[in-house]
Number of protein chains: 2
Amino acid sequence: MNDPSEPATLKDVARVAGVALSTVSAYLNSTRKVSPALQVRIRDAVRELDYIPNFQARNLRMKRAASIGLVVPELANPYFAALAEGIESRLSGTGVTLTLSLTGSTGDREEAHASLLRRARLDGLVVISATGRTTSALLDLIERFPVVLADEQLPSLNAAFVGSDNRRGARSVADVALASGGRRPAIIAGPRSLWTAEARLSGYREALAGSGIEEHDVILERGDYTFASGLAAAMRLYPLERYDGSGPDIVIASNDLMALGVLRHLRRIGASVPEDVVVVGFDDIPVADMITPTLTTVSQPAHDIGFTATDLLLRTIDGEALADERVELPTELRVRESTR
Amino acid sequence: MNDPSEPATLKDVARVAGVALSTVSAYLNSTRKVSPALQVRIRDAVRELDYIPNFQARNLRMKRAASIGLVVPELANPYFAALAEGIESRLSGTGVTLTLSLTGSTGDREEAHASLLRRARLDGLVVISATGRTTSALLDLIERFPVVLADEQLPSLNAAFVGSDNRRGARSVADVALASGGRRPAIIAGPRSLWTAEARLSGYREALAGSGIEEHDVILERGDYTFASGLAAAMRLYPLERYDGSGPDIVIASNDLMALGVLRHLRRIGASVPEDVVVVGFDDIPVADMITPTLTTVSQPAHDIGFTATDLLLRTIDGEALADERVELPTELRVRESTR
DNA sequence: CTGTTAGCGCATTCAA
DNA sequence: TTGAATGCGCTAACAG
């Protein structure tokens with residue numbers, strides 16, 4: 001063994017095996033037939049030198065990065081975390097690496113990351129937008145790289161998209177909430193700028209239309225998908241210190257985090273769920289099934305979305321898929337204790 | 001503008017600017033003085049061609065990856081997600097990229113990832129172990145790369161470590177729990193193989209020793225840091241359908257997820273927290289402050305741990321830091337509603 | 001089937 | 001100060 005600190009290269013292997021460099025390369029990549037005799041010599045040399053191919057060199061030569069980027073606002077949101085895991089699971093075994101880029105939920109650091117990603121010359125990007133805004137940085141990226149949008153659509157952007165059927169999901173969970181017999185529903189919608197928020201809202205409206213409740217009797221609040229905003233909305237809905245039977249008897253929150261905020265406030269003022277008020281969410285984050293009462297919600301196939309988005313991206317990179325494919329995966333209703 | 005699909009290279013810039021390639025390189029990296037006249041010409045050429053340096057080539061030349069790896073069991077654990085965010089925030093602005101590798105909490109996919117990471121020739125690794133086991137893959141990695149262990153220590157491993165002071169944190173939260181006046185405490189510890197679990201356990205024992213309660217009167221259960229295992233432990237602790245005042249009056253769970261499991265079971269059997277039973281956790285995951293009652297726990301500086309670990313790693317890569325540095329960051333007690 | 005050769009895009013010697 | 005030349009480690013023609 002001679003291993004003077006420097007890792008072995010293809011050249012070293014060729015020398016030790018007594019064959020040409022290109023033969024080693026060809027054998028290792030099985031890009032052409034190599035006679036059994038040489039195969040053995042090469043294999044031995046590889047083992048002897050503990051040769052590990054240098055992907056940097058290979059990628060430079062092949063003009064690719066063997067890496068895709070994930071642009072995501074934050075990982076603290078368990079839904080995004082699940083998405084990331086789905087992406088990773090698709091990548092596993094492909095030899096493609098995942099480069100993580102957090103933009104912050106405000107999207108302020110987006111610019112810096114965009115330039116970093118351009119320099120890294122990644123093969124493609126899975127982008128999860130938190131703002132719903134089409135920033136110039138993002139636009140620029142989409143021009144240069146194969147990009148698949150996950151979870152959140154962006155208006156008028158000619159990019160592939162994988163998400164879930166927010167409207168149908170919203171409708172199904174709202175149907176359950178309305179079936180409780182309550183007549184004074186409130187909706188806590190998400191930010192106007194987000195496609196998911198608006199899609200869910202239209203699902204809620206469909207359900208309302210089928211319930212016989214006048215649109216006019218429905219209270220509409222807005223939140224920004226955070227726990228704090230859900231709590232704040234609940235306080236507007238139930239301003240009293242103690243629950244007295246007034247206020248909405250159904251609260252439809254546009255995501256689980258906001259529903260948690262509602263649950264929190266209701267318990268504090270002494271209203272019981274689902275007896276006094278029925279509450280539903282959206283997302284099915286893990287805690288939805290850990291709290292008391294467990295939360296009725298709709299499960300988005302976060303893992304699948306990540307997986308499918310990556311699959312689509314990989315195919316786009318290989319030139320197999322169109323750049324404007326759109327996939328909406330089905331959601332699944334989870335009826336639990338917060339509805340009756 | 002001539003942009004026939006192919007991105008511009010240094011050579012193109014040199015040609016357009018009418019200077020030598022090496023001059024452009026030197027100017028862009030400010031590695032030597034360049035006359036003002038040439039500076040202008042180079043700048044113009046860069047702008048005209050929309051030149052973006054190819055990091056792959058640069059990295060090949062400089063024998064580095066400009067990327068570090070994060071090896072983490074899963075992102076679904078919000079604590080790990082926060083750690084990852086801390087890592088990312090340290091990296092932001094350095095031009096170093098983060099490559100994500102999920103091993104799965106069982107550690108089965110570890111082997112495959114290790115080989116991928118070796119091929120990618122990353123500059124270093126931040127490793128979060130879920131198993132506490134020292135696998136051969138990991139050992140191999142540590143030999144080859146600068147590695148910093150975050151959160152979880154590994155026995156007899158000569159690697160740098162950044163985590164929090166689990167023992168003191170555990171002691172402080174146990175002190176609060178025991179101050180409730182209860183005399184029948186139960187501890188739900190984590191897996192024996194994990195250093196954090198054992199460190200917390202010894203902190204609990206310290207608190208117990210100071211409380212006058214006989215070690216003998218303490219019930220010790222084991223879980224594996226999951227919600228399900230916390231729930232299971234709670235069912236062993238309180239096997240009855242309805243709470244009748246028997247069973248532990250203090251439950252000290254080794255992490256928040258397990259504490260959530262306990263809370264869930266207690267509510268189901270009709271025990272109230274903190275009146276009947278006091279419950280504490282560890283980690284301060286976001287939901288700890290969203291549920292009812294809010295959970296008394298100890299906050300680990302997850303973000304800081306990630307940040308510090310990365311800082312240490314970067315310094316190790318630059319040859320500034322020793323490979324066996326150990327940092328234990330202070331925890332912070334969060335007294336909330338689940339204790340009285 | 002195998003070896004020789006020419007770059008991928010860049011940083012860095014060495015002369016000028 | 002600047003320019004010309006060399007090679008990082010690899011793949012993919014090309015010629016044998």
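Chain A is the first sequence line, chain B the second, and so forth, proteins listed ahead of strands; every chain is numbered from 1. Model, not experiment: these values are computed from the prediction.
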Assign B:Leu10 to base, sugar-phosphate, or nothing according to its heavy-atom contacts below 4.0 angstrom with the strands shown. sugar-phosphate
Residues B:Arg90 and B:Glu85 bridged, charged N to O under 4.0 Å: no
Describe the nucleic acid contact of B:Tyr27 in one word from base, sugar-phosphate, nothing, applying a heavy-atom distance below 4.0 Å. nothing
Across the strands shown, which category fits A:Leu38 at heavy-atom distances under 4.0 angstrom: base, sugar-phosphate, nothing? sugar-phosphate
Length of the line joining B:Arg61:CZ and D:dG9:P, which is rounded to integer Å: 10 Å
What is the separation between atom CZ on A:Arg64 and atom C1' on D:dA12, rounded to the nearest whole Å? 14 Å
Work out how much the helix from C:dC1-D:dG16 to C:dA16-D:dT1 bends between its end axes, five pairs an end, to the nearest 10 degrees. 40°
A:Ser129 vs A:Glu152, side chain to side chain donor-acceptor pair (under 3.5 Å): CA-CA, chis, key distance, verdict: CA-CA 6 Å; A:Ser129 164; A:Glu152 183 65 60; over 6 Å; no
How would you label the contact of A:Asn29 with the nucleic acid (heavy atoms, under 4.0 Å): base, sugar-phosphate, or nothing? sugar-phosphate
Would you give me the side-chain donor-acceptor pairs under 3.5 Å for residues 313-321 of chain A, sequence neighbours excluded?
unit_1	atom_1	unit_2	atom_2	d
A:Arg315	NH1	A:Asp311	OD2	3.2
A:Thr316	OG1	A:Leu312	O	2.7

Would you say the base of C:dT4 and the side-chain of A:Ser22 have a donor-acceptor pair closer than 3.5 Å? yes
Between atom CD in B:Gln39 and atom C1' in D:dT2, what is the gap in whole Å? 13 Å
Quick one: do A:Asn77 and A:Tyr225 satisfy side chain to side chain donor-acceptor pair (under 3.5 Å)? Show the steps, please. CA-CA 10 Å; A:Asn77 183 327; A:Tyr225 279 173; over 6 Å; no
Could you tell me how far apart B:Lys63 (NZ) and C:dA11 (P) are, to the nearest whole angstrom? 15 Å
Do any N or O atoms from the side chain of A:Asp123 and from the backbone of A:Ala66 form a donor-acceptor pair under 3.5 angstrom? yes
Starting from P on C:dT12, measure out to CG on B:Asn59 and report it in whole angstrom. 12 Å
Rounded distance (Å) that lies between atom P of D:dC10 and atom CG of B:Leu60: 9 Å
Are OP1 or OP2 of D:dT2 and a side-chain N or O of B:Lys33 less than 4.0 angstrom apart? no
May I ask you to verify whether the side chain of A:Arg119 and the base of C:dG9 hold a donor-acceptor pair under 3.5 Å? no
Do you know which two heavy atoms are closest between A:Tyr27 and A:Ile42, and how far apart they sit? CD2-CG2, 3.5 Å
Under 4.0 angstrom, heavy atoms only, what part of the nucleic acid is B:Ser25 near: base, sugar-phosphate, or nothing? base
Are side-chain N/O atoms of B:Arg119 and A:Asn54 paired as donor and acceptor at under 3.5 Å? no
Under 4.0 angstrom between B:Thr31 side-chain N/O and C:dA11 OP1 or OP2: no
Taken to the nearest whole Å, CD/B:Glu6 to C1'/C:dG9 is 12 Å
Taking the nucleotide of DNA chain D with the closest heavy atom to each, which residue, B:Ala57 or B:Ala20, is nearer the 5' end? B:Ala20
As a test of reading the structure: which of C:dC1, C:dC10, D:dC10 is closest to the side chain of A:Ser35, going by heavy atoms? C:dC1
5'-most contact on DNA chain D (nearest-nucleotide basis), B:Met62 vs B:Val19, goes to B:Val19
Given D:dC8, is OP1 or OP2 found less than 4.0 Å from the side-chain N or O atoms of A:Thr9? no
Closer to the 5' end of DNA chain C via nearest nucleotide, is it A:Pro36 or B:Arg58? A:Pro36
In whole angstrom, give the distance that lies between atom CZ of B:Arg32 and atom C1' of C:dA16. 12 Å
Has the side chain of B:Arg15 got a donor or acceptor that lies under 3.5 Å from a partner of the other kind on the base of D:dG3? no
Is a side-chain donor or acceptor of A:Ser67 paired with a backbone partner of A:Thr97 at a separation under 3.5 angstrom? yes
